[in-house]
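So the structure is just underneath, and the comments pick up after that.
What you see is a predicted model; the values in this text were computed from it and never measured. In the text below, chain A, chain B and the rest are named by the order of the sequence lines, each starting its count at 1. We use all heavy atoms of the structure for the numbers below, so side chains are in, but hydrogens, waters and symmetry mates are not.
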Protein chains: 2
Amino acid sequence: MAFTFQRQVIYEAVLDSRQHPTPENIYEQVRGRIPSISLGTVYKNVKTFLDTGLLKEVSLHHGSLRLEANMTPHHHVVCSGCKAIFDLEESDVAPVELKSRLPKGFAIARCSVEIIGLCASCRGIGASNKKISTHHSSGARK
Amino acid sequence: MAFTFQRQVIYEAVLDSRQHPTPENIYEQVRGRIPSISLGTVYKNVKTFLDTGLLKEVSLHHGSLRLEANMTPHHHVVCSGCKAIFDLEESDVAPVELKSRLPKGFAIARCSVEIIGLCASCRGIGASNKKISTHHSSGARK
DNA sequence: TGACAAACGATAATGGTTATCGTTTAATAA
DNA sequence: TTATTAAACGATAACCATTATCGTTTGTCA
Ligand SMILES: [Mn+2]
Ligand SMILES: [Mn+2]
Ligand SMILES: [Zn+2]
Ligand SMILES: [Zn+2]
């Protein structure tokens with residue numbers, strides 16, 4: 001990975017922001033230092049940083065809306081490979097215990113647990129996850 | 001909310017799917033029963049169902065990529081109003097205890113907790129959350 | 001210093017989602 | 001029933017986030 005000024009400033013922008021910024025947010029901020037920078041450059045570098053493990057994305061499923069009709073409070077098991085989501089009943093997880101204070105004035109509505117990992121088919125050798133037809137179109141936006 | 005055949009079939013499609021489907025997934029399935037249905041109709045009804053609480057969306061932040069440079073495992077406090085995300089150190093939450101088996105063959109990589117609620121400014125009266133300039137562009141796609 | 005792969009800026013293309021608009025239909029009351 | 005009307009539908013354009021393309025510039029390394 002070549003060292004470029006743009007790359008440095010983009011990374012610092014994410015580091016300095018305690019805000020979990022979007023690419024657009026980063027772009028806005030970086031333009032303060034490099035007015036000529038392209039939004040495409042921000043996206044390209046963000047992707048590079050994600051690939052090399054310098055940054056990570058907050059949510060596994062930000063690509064497309066995922067819906068459910070199960071209105072009872074419950075948790076999820078998520079495959080980071082094919083983005084499949086399995087339900088986990090609330091009673092299957094012991095209540096989460098908070099050991100510290102939340103941001104001042106924050107009112108908790110609920111608490112959701114995500115167990116993240118790889119499903120059986122995604123662990124299989126090679127292209128095995130293509131064999132499972134029940135896996136819908138694998139929302140991974142790549 | 002008027003009762004229409006399309007509405008009925010769309011809702012049943014989500015009910016029958018244990019897959020947390022996308023609007024596109026629902027569209028594909030509903031076309032089996034109503035070949036002439038429009039994708040727009042699926043989106044419109046999904047929105048209606050979300051508004052009336054018949055369906056819910058799996059992830060609060062599916063609209064745009066959110067990034068972070070904090071690579072230490074940690075949890076999040078999320079405001080459902082403005083989508084602000086605050087970090088919560090891993091040590092601030094007692095380890096999650098699983099009381100049941102996961103889907104067969106699933107390999108856990110990590111476990112993430114989301115405390116969901118309303119931040120101080122979103123709880124304030126009226127348009128108060130607009131006053132806080134540190135809140136970045138409020139990714140809410142409406 | 002020179003050669004070359006990598007990265008850049010500009011911009012077109014894609015994919016998911018929302019908006020618009022003319023037509024059809026469900027709900028309601030005569 | 002039938003007439004009225006607001007709501008919902010299908011088709012399609014518009015929009016926004018993201019990715020791809022391409023000609024130019026720049027970092028790397030011999
Ligand atoms: Mn679920
Ligand atoms: Mn974080
Ligand atoms: Zn999988
Ligand atoms: Zn808020």
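No side-chain donor-acceptor contact under 3.5 Å links A:Thr48 and A:Asn45.
Here A:Gln6 reaches the OP1 or OP2 of C:dG9: one of its side-chain N or O atoms lies under 4.0 Å away. At D:dT18, one or more side-chain N or O atoms of A:Tyr43 fall inside 4.0 Å of OP1 or OP2 (strictly under the cut-off). Here B:Ser64 reaches the OP1 or OP2 of D:dT18: one of its side-chain N or O atoms lies under 4.0 Å away.
Residues B:Ala2 and B:Leu65 each lie close to DNA chain D; by heavy-atom proximity, the contact nearer the 5' end of the strand is made by B:Ala2. Sequence order on DNA chain C of the closest nucleotides to A:Leu39 and A:Asn45 puts A:Asn45 first from the 5' end.
Atom C1' of nucleotide C:dG16 and atom CD of B:Glu28 are separated by 14 Å, given to the nearest angstrom. Atom NZ of B:Lys47 and atom P of D:dC9 are 14 Å apart (whole Å). Between the C1' atom of C:dT18 and the CD atom of B:Glu24 lies a distance of 15 Å, rounded to the nearest Å. Per the geometry, CG belonging to B:Asp51 stands 11 Å off P belonging to C:dT18, to the nearest Å. Summarising the geometry, the separation between CD1 on A:Ile34 and P on D:dT25 is reported as 18 Å, rounded to the nearest angstrom. Spacing between atom CG of A:Leu67 and atom C1' of C:dG16 amounts to 13 Å, rounded to whole angstrom units. Distance, A:Ile37 CD1 to C:dA7 P: 14 Å, rounded to whole Å. Atom-to-atom, CD of A:Gln8 to P of C:dA6 comes out at 21 Å; the value is rounded to the nearest Å.
The listed nucleotides are D:dC9, C:dA7, C:dA26; the one nearest the side chain of B:Arg7 is D:dC9. The side chain of B:Thr41 sits closest to D:dG10 out of C:dG9, D:dG10, C:dT17. Comparing C:dC8, C:dG9, D:dA8 against the side chain of B:Thr4 picks out D:dA8 as the nearest. If you check C:dG9, C:dA7, D:dA8 against the side chain of A:Met1, the one that comes closest is C:dA7.
The heavy-atom pair separating B:Tyr27 from B:Ile37 by the smallest distance is CE1-O, 3.5 Å.
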Item checked: Step-by-step side chain to side chain donor-acceptor pair (under 3.5 Å) determination, A:His20 to B:His61 -> CA-CA 11 Å; A:His20 302 82; B:His61 20 70; over 6 Å; no
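Judged by distance alone, with hydrogens and angles left aside, the side-chain atoms of A:Thr52 form a donor-acceptor pair with the main-chain N or O of A:Phe49 at under 3.5 Å.
For B:Glu89, the CD atom sits in a loose shell: 12 or fewer heavy atoms of surrounding residues, nucleotides or ligands are nearer than 6.0 Å.
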